[in-house]
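To keep things clear, I will list the structure first and then write my remarks on it.
Hydrogens, waters and symmetry mates are skipped; everything else that's a heavy atom, side chains included, is used.
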Amino acid sequence: WRAFIVLLAVVAIAGQGALAWGATWVSDNRQWVSDRAIALQFEPDPELLNYVRDASLTGEGEVYLFASLPEIVPAGEFDRYCSRDEPGIGVLGCYRLAEKRIYLYDVTDERLEAMEPVIAAHEMLHAAWDRFSAAQKERLAVLLEEGFAALPDDHPLHERIASYEANDPTSRIPELYALMGTEIGELPQELEDHYATYFADRSAVVALADEVYTIFASFDSELQSLADDLEARSDVID
């Protein structure tokens with residue numbers, strides 16, 4: 001009986017130690033626990049599930065998307081949540097830091113459907129960035145600058161990043177993190193390994209981005225052709 005009582009005492013002490021350790025761990029990882037609790041309770045509509053599939057998000061990527069309670073917002077209401085001019089296609093989504101919420105523009109043009117999962121993945125990466133420690137951000141900044149420096153001088157990302165910096169100088173690295181993760185095919189291996197946490201096949205989301213930018217390029221060509229035609233007709237009319 002004495003041995004049995006000693007055993008019970010050891011088990012009780014160990015149990016108290018485990019509880020104390022568990023409480024400490026939860027306290028130290030409160031955001032991690034909160035994100036997963038919110039994601040588990042979130043009920044995504046089918047369109048959001050399609051974004052997850054099309055962008056090839058992993059379970060971890062899905063957690064950060066759903067933990068941000070993403071909302072697809074109609075065009076008429078979108079400026080209430082996200083509003084800022086940007087070169088190219090403009091703002092189609094945002095991650096609001098104070099709320100830790102994602103808002104996505106409801107793209108209704110069927111030709112541009114591929115853009116929606118790209119924007120959702122982009123904003124998911126902003127949510128992930130928001131959770132990183134200072135040391136993690138510092139290391140990623142080095143890798144992101146390396147990848148950015150390897151891009152051709154005429155790459156459109158240069159103009160977009162310059163626009164972000166003009167609006168907010170502190171946005172350079174977070175925007176590089178989201179843009180390069182969703183739109184740039186070749187990255188330093190360490191950075192590629194990092195993004196594998198969030199994408200089962202990152203080439204899938206990059207291909208969608210390429211598809212949409214090809215469509216926008218065709219729009220530009222068509223507009224230029226129409227402008228040239230109007231100018232020629234104006235000369236004839238004069």
Quiz item: After noting the C-alpha distance and the side-chain angles of Tyr177 and Phe148, does the key distance pass the ring-ring contact (aromatic ring centres under 6.0 Å, His included) rule?
Solution: CA-CA 10 Å; Tyr177 180 70; Phe148 185 62; over 10 Å; no
Is the side chain of [X] donor-acceptor paired with the backbone N or O of [Y] at a distance under 3.5 Å, no angle test?
{"X": "Glu77", "Y": "Pro74", "answer": "no"}
{"X": "Arg101", "Y": "Leu69", "answer": "yes"}
{"X": "Arg202", "Y": "Glu192", "answer": "no"}
{"X": "Glu123", "Y": "Leu104", "answer": "no"}
{"X": "Arg131", "Y": "Ala127", "answer": "yes"}
{"X": "Thr182", "Y": "Ala178", "answer": "yes"}
{"X": "His126", "Y": "Leu97", "answer": "no"}
{"X": "Thr214", "Y": "Asp210", "answer": "yes"}

Quiz item: Side-chain contact, heavy-atom cut-off 4.5 Å: Leu92 with Glu116?
Solution: no
Quiz item: Side-chain contact, heavy-atom cut-off 4.5 Å: Val118 with Tyr213?
Solution: no
Quiz prompt | Geometric cation-pi criterion Arg36 and Tyr64, 6.0 Å radius, 45° cone | solution = yes
Practice problem: For the pair Leu157 and Met180, evaluate side chain to side chain contact (heavy atoms under 4.5 Å, CB included) and give the outcome as yes or no after the intermediate values. | Solution: CA-CA 9 Å; Leu157 191 56; Met180 295 182 73; 4.0 Å; yes
Practice problem: Hey, can you tell me if His194 and Phe132 have their rings parallel, tilted or perpendicular (30° and 60° cut-offs)? | Solution: perpendicular
Exercise. Could you tell me the separation between the CD1 atom of Ile38 and the OG atom of Ser68, rounded to the nearest 0.5 Å?
Key: 8.5 Å
